[in-house]
Amino acid sequence: MDTYDLLTRNVDEVVTDEEVREVASDPDGKRVYVGYEPSGVLHLGHLLTANKLIDLQNAGMQVVILLADVHAYLNGKGTFEEIRETAEQMRAQFLAYGLEESQTEFVYGSSYQLEEDYVLDVHELELSTTLNRAQRAMAELQGDETAKVSHVVYPLMQALDIEYLDLDLAVGGMDQRKVHMLMREELPKLGYDARPCLHTPIVADLTTGEGKMSSSTGVTISMEDSMADLEEKVNSAFCPPTRDPEGDLENPVLELFEYHVFPRFERVLVERPDKYGGDLEYDGYEALAADLGSGKLHPADAKGTLASYLDELIAPGREKLREIRDE
RNA sequence: CCGCUCUUAGCUCAGCCUGGUAGAGCAGUCGACUGUAGAUCGACUUGUCCCCCGUUCAAAUCGGGGAGAGCGGACCA
């Protein structure tokens, strides 16, 4: 696979193609980041962007993970002390998941976001960004309550982080695209370069198959799920025996194979009793999805297989979490 | 600071005027049917009615106090 394809596989949006091709032409040592509000337990949403980071590391890039403690604080997630503690757990889980330690830099937002230059630049952005624009950037992310002033400062800081962390590329879910567009528009006004972005898809809700909208209360698979939890959650997932369900629905089981399993495993073995045709083996997503669509692969077998591969992905992080908690 | 409105199930809300210890929809749980899930059918669960005091035989409902949330308070219309 050539470098550009590796950088952009499984992404929903590339901004812009030319700029990312330039990064791909000489990726070695280039800096890419994702920002996360610290959380004690990683879930599949975190792992989806982590998969992309692993791709980028394989291409030789240096990954910067922003442990966005100040952002979490602005979002009402607790005291700095509480946020820090969950951030440390988050770091351990990312490394256990498979990020290469020598190519991963973890940075606390508070280590530079409270300094004078940064703060003055925030104010500069406050001056040039309309309330409406900042609020729209946050709408995907915040959704719920009445906007606080902190909520509109939040995306401005995200834009500045990309400059202050000295990045060549920004990664985020599709829910981050408005923030990134704000970044691309506003940074040049301060004399900084707009950076290219990669946006990962938002996976459909596991139980309903509804995509696009940020799932609020759906079932989430997380780093602390046991094999039994995974089997139960995956088994209850929406999974018609089709690739593309009717309407706006997606097949979340297939999406998990596409975005979580195949990026991490060369081949996938479906163990199946002879009664149903015996084992099947796949070396890529397309073949598996095609078989599910044609009926050759039954959803129940796909689910059992998915649960065990997810278990394998999660096991190291789950173990790490257990150690941390036992201390 | 002043004014208006709101606060009842996980969510959206009805009930309050005309007191009698609470309802709907959605969600959720469990069965049936499918070798998964969904859809469909059948059954079921859920509550400090924001808090305190008072009136009353009896308060979600009436009276007083308090808390939280939302909206509004130049001019124009």
Side-chain angles (χ1 to χ4, degrees), chain A residues 39 41 43-45 48 74-79 131-132 134-136 138-152 154 175 201-222 225-262 265 268-282 285-314:
Chain A
S39 129
V41 180
H43 54 66
L44 285 189
L48 186 63
L74 287 174
N75 210 359
K77 295 295 171 59
T79 66
L131 249 191
N132 192 353
Q135 245 178 309
R136 282 194 299 133
M138 270 306 274
E140 301 276 333
L141 227 163
Q142 241 322 92
D144 58 339
E145 310 273 315
T146 314
K148 302 286 195 300
V149 174
S150 62
H151 291 144
V152 298
Y154 189 113
D175 56 340
I202 301 298
V203 172
D205 182 86
L206 200 57
T207 55
T208 65
E210 288 166 9
K212 278 103 187 156
M213 286 178 284
S214 49
S215 56
S216 45
T217 51
V219 172
T220 45
I221 287 172
S222 82
D225 284 331
S226 66
M227 181 64 193
D229 291 334
L230 292 171
E231 280 173 344
E232 190 183 327
K233 288 179 181 180
V234 170
N235 184 51
S236 67
F238 175 67
C239 185
T242 46
R243 281 192 75 155
D244 293 302
E246 302 192 5
D248 293 333
L249 301 180
E250 303 293 334
N251 186 321
V253 170
L254 282 183
E255 288 190 327
L256 295 191
F257 269 112
E258 182 175 16
Y259 300 121
H260 289 279
V261 177
F262 281 106
F265 295 94
V268 168
L269 178 67
V270 177
E271 296 186 67
R272 203 165 63 161
D274 292 338
K275 171 179 155 192
Y276 294 127
D279 294 356
L280 290 170
E281 194 165 1
Y282 299 98
Y285 168 72
E286 273 307 316
L288 184 146
D291 276 3
L292 186 94
S294 73
K296 188 175 172 193
L297 172 64
H298 192 277
D301 295 319
K303 284 181 172 181
T305 305
L306 177 62
S308 65
Y309 278 89
L310 288 177
D311 183 64
E312 197 170 329
L313 285 172
I314 281 168

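Quick note: numbers below take in every heavy atom, side chains included, and nothing from hydrogens, waters or symmetry partners. The model shown is predicted, which means the values in this text are computed figures rather than measured ones.
Annotation: B/A59 and B/U21 have their P atoms spaced 11 Å apart (nearest Å). Atom name P, nucleotides B/U45 and B/U5: the rounded distance is 38 Å, in whole Å. For the C1' atoms, the distance linking B/C17 with B/A9 amounts to 25 Å, nearest Å. Remark: the separation of the P atoms in B/G66 and B/G3 is 12 Å, to the nearest Å. Comparing the same atom, C1', in B/G23 and in B/A14 gives a spacing of 7 Å after rounding to whole Å. A distance of about 24 Å separates the P atoms of B/A24 and B/G19, rounded to the whole Å. To the nearest whole angstrom, the two C1' atoms, one in B/G20 and one in B/A58, are 6 Å apart. Atom P of B/G31 sits at a distance of 27 Å from the matching atom of B/U48, rounded to the whole Å.
Within the 4.5 Å cutoff, no side-chain heavy atoms of A/Val253 are placed close to those of A/Leu292.
The partner of B/A22, taking Watson-Crick or G-U wobble pairs whose two distances both stay under 3.5 Å, does not exist in any strand shown. In this structure B/A14 sits in no base pair that meets the Watson-Crick or G-U test at under 3.5 Å. The nucleotide B/G35 finds no pairing partner, because no Watson-Crick or G-U wobble arrangement with both distances shorter than 3.5 Å includes it. B/U5: Watson-Crick or G-U partner is B/A69, with both key distances under 3.5 Å. Remark: B/A43 base-pairs with B/U29; criterion is Watson-Crick or G-U wobble with both hydrogen-bond distances under 3.5 Å. Pairing of B/C49, defined by two Watson-Crick or G-U wobble distances under 3.5 Å, is not identified with any nucleotide. With a cut-off of 3.5 Å on both Watson-Crick or G-U wobble distances, the partner of B/C75 is given as none. B/U55 is unpaired under the Watson-Crick or G-U wobble criterion, no partner having all donor-acceptor distances under 3.5 Å.
Shown here are the side-chain hydrogen bond (donor to acceptor under 3.5 Å, both in side chains) partners of A/Lys77, two or more places apart in sequence or in another chain: A/Glu37. Partners of A/Tyr282 under the side-chain hydrogen bond (donor to acceptor under 3.5 Å, both in side chains) rule, at least two apart in sequence or in another chain, are A/Asp291. Remark: A/Thr208 pairs with A/Asp205 by the side-chain hydrogen bond (donor to acceptor under 3.5 Å, both in side chains) rule, at least two apart or across chains. Considering only residues two or more places apart in sequence or on other chains, A/Asp301 meets the side-chain hydrogen bond (donor to acceptor under 3.5 Å, both in side chains) condition with none of them. By the salt bridge (Lys or Arg N to Asp or Glu O under 4.0 Å) test, A/Lys303 is found to be paired with no residue, residues two or more places apart in sequence or in another chain being considered.
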Considering only nitrogen or oxygen atoms on both sides, find all protein atoms under 3.5 Å from nucleotides 37-45 of chain B and state each distance.
residue: B/A37; atom: O4'; partner: A/Ala237; partner atom: O; Å: 3.3
residue: B/A37; atom: O4'; partner: A/Lys303; partner atom: NZ; Å: 2.8
residue: B/A37; atom: O2'; partner: A/Ser236; partner atom: O; Å: 3.2
residue: B/A37; atom: O2'; partner: A/Ala237; partner atom: O; Å: 2.8
residue: B/A37; atom: O2'; partner: A/Phe238; partner atom: N; Å: 3.3
residue: B/A37; atom: N3; partner: A/Cys239; partner atom: N; Å: 3.2

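A/Arg272 places no side-chain N or O within 3.5 Å of a backbone atom of A/Asp279 that could act as its donor or acceptor partner.
Looking at residues 289-297 of chain A, you'll see that no heavy atom sits under 4.0 Å from any atom of RNA chain B.
Aromatic ring orientation, A/Tyr285 versus A/Phe262: perpendicular (interplanar angle above 60°, classes split at 30° and 60°).
For residues 228-240 of chain A, the set of pairs meeting the side-chain hydrogen bond (donor to acceptor under 3.5 Å, both in side chains) definition, not counting sequence neighbours, comprises A/Asp225-A/Lys233, A/Ser226-A/Asp229. Among residue pairs with one or both ends in residues 289-312 of chain A, those qualifying as ring pair (Phe, Tyr, Trp, His ring centres under 6.0 Å) are A/Phe265-A/Tyr309; sequence neighbours excluded.
At whole-Å resolution of the value, NE2 in A/His298 and P in B/G35 are 7 Å apart. One atom, CD of A/Glu210, and another, C1' of B/C26, lie 13 Å apart when rounded to the nearest Å.
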